[in-house]
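Only one structure is covered here, and it is reproduced in the block below.
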Amino acid sequence: MPERAWIELEFQALRQDITMLADAAKMMVTFCLPAAAVVYAVPVVLQQASQPFLWAICAGLASLLLTAMVQSFCSCLNGGWRIGTYIKEVIEPQTNGGLQWEGVLFDWEQRTILHTEAAVLVVSTGALLANLAAAIGVGIAFLKGWTAFVPAMIAGIFAIVCIPAAWRTSKIANQRKEYSRQLREILEERRTIERGADSPVTRPSAN
């Protein structure tokens, strides 16, 4: 098979992977947000709104759903950027200008103030804050004494768990630049090894 065909196959496979990651992120959002909202309605529907234990379970389940959403959302974005950087550094240079999208997108992202990950952070932070507000509201409306703080404490703990993923996502622009540099170094090392393997072996002359 010609080298150009291999390049095209690899490009198509990687672009399909990016599409799958984007679809997975959308599915997590469309499932987890409504599911978390429904969970808070369970004690009211069951007419057990005064049960602290039930509210604690519901707050924990809703927080778990949103935590999974944030973690998956951030991981999918990071994975998509890594694949795109590989396309930019490895595949696009072999097309003699035929493919430029990832390179142009990379340069544009480096020059803009608001990066793509800002939308992910807004959605993730908004969902976690809404969950915390809902947990606080539940405590005020239905619970008494120290038990009123339990749902909010649970939601707060899960929100704290999401901070590392959100922090990594906020630094994706810098991470992508570093990843691009590392890819170039690896490619240069591989080319050096290939040139050394292809060069003729010089044997010492016999005296």
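Heavy atoms only: backbone and side chains are in, while hydrogens, waters and symmetry mates are out.
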- prompt: Under 4.5 Å between any side-chain heavy atoms of Thr147 and Trp55, yes or no?
  reply: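 Not in contact.
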
message: Just so I know, are the side chains of Ile83 and Leu21 near enough to count as touching, which here means a heavy-atom distance under 4.5 Å?
response: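 Ile83 reaches Leu21 side chain to side chain.
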
Donor-acceptor pair, side chain of Ser72 and main chain of Met69, under 3.5 angstrom: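 No; zero donor-acceptor contacts below 3.5 Å.
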
message: For Glu102, is there any backbone N or O sitting under 3.5 Å from a side-chain donor or acceptor partner on Glu92?
response: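 At least one qualifying donor-acceptor pair exists.
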
Hydrophobic cluster membership, with links at side-chain heavy-atom distances under 4.5 Å among I/L/V/M/F/W/Y: are [X] and [Y] in one?
| X | Y | answer |
| --- | --- | --- |
| Phe158 | Leu66 | no |
| Leu77 | Val123 | yes |
| Leu33 | Val38 | no |
| Leu143 | Leu61 | no |
| Leu183 | Leu14 | yes |

field: Cationic N near anionic O, under 4.0 Å, Glu185 to Arg181
entry: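 Yes.
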
For [X] and [Y], which heavy atoms make the closest approach, and how far apart are they?
| X | Y | answer |
| --- | --- | --- |
| Ala62 | Asn131 | CB-OD1, 3.8 Å |
| Cys58 | Val39 | O-CG1, 3.2 Å |
| Ala135 | Ala155 | CB-CB, 3.9 Å |
| Gln94 | Val90 | NE2-O, 2.7 Å |
| Gly156 | Leu132 | N-CD1, 3.9 Å |
| Phe73 | Ser124 | CD2-OG, 3.9 Å |

Straight-line distance of [X] [atom1] to [Y] [atom2], nearest 0.5 Å:
| X | Y | atom1 | atom2 | result |
| --- | --- | --- | --- | --- |
| Gln182 | Thr85 | CD | OG1 | 11.0 Å |
| Ile157 | Met153 | CD1 | CE | 5.5 Å |
| Tyr86 | Leu187 | OH | CG | 7.5 Å |
| Leu128 | Ile160 | CG | CD1 | 11.0 Å |
| Ile154 | Leu64 | CD1 | CG | 11.5 Å |
| Cys76 | Gln71 | SG | CD | 11.5 Å |

message: Please evaluate residues Glu10 and Ile91 with respect to the criterion side-chain contact (heavy atoms from CB on, under 4.5 Å), reporting the C-alpha separation (whole Å), side-chain torsions for both, the decisive distance (0.1 Å), and the verdict.
response: CA-CA 8 Å; Glu10 185 178 24; Ile91 296 179; 3.9 Å; yes

message: Ile87 vs Ile18, test: side-chain contact (heavy atoms from CB on, under 4.5 Å). Steps then yes/no.
response: CA-CA 11 Å; Ile87 293 174; Ile18 292 177; 4.2 Å; yes

message: Under a 3.5 Å cutoff, is there a donor and acceptor pairing between the side chains of Arg184 and Ser180?
response: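 Side-chain D/A pair, Arg184 to Ser180: present.
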
message: Hydrogens and angles aside, do Gln12 and Gln16 bring a side-chain donor and acceptor to less than 3.5 Å of each other?
response: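 There is no such pair between these side chains.
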
- request: Could I get the full list of salt bridge (charged side-chain N to carboxylate O under 4.0 Å, His left out) partners for Arg190, not counting sequence neighbours?
  value: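 Salt bridge (charged side-chain N to carboxylate O under 4.0 Å, His left out) list for Arg190, sorted by chain: empty.
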
- prompt: More than 12 non-hydrogen atoms from neighbouring residues, nucleotides or ligands closer than 6.0 Å to CD on Glu8, yes or no?
  reply: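 Atom CD in Glu8 is not packed in, count stays at 12 or less.
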
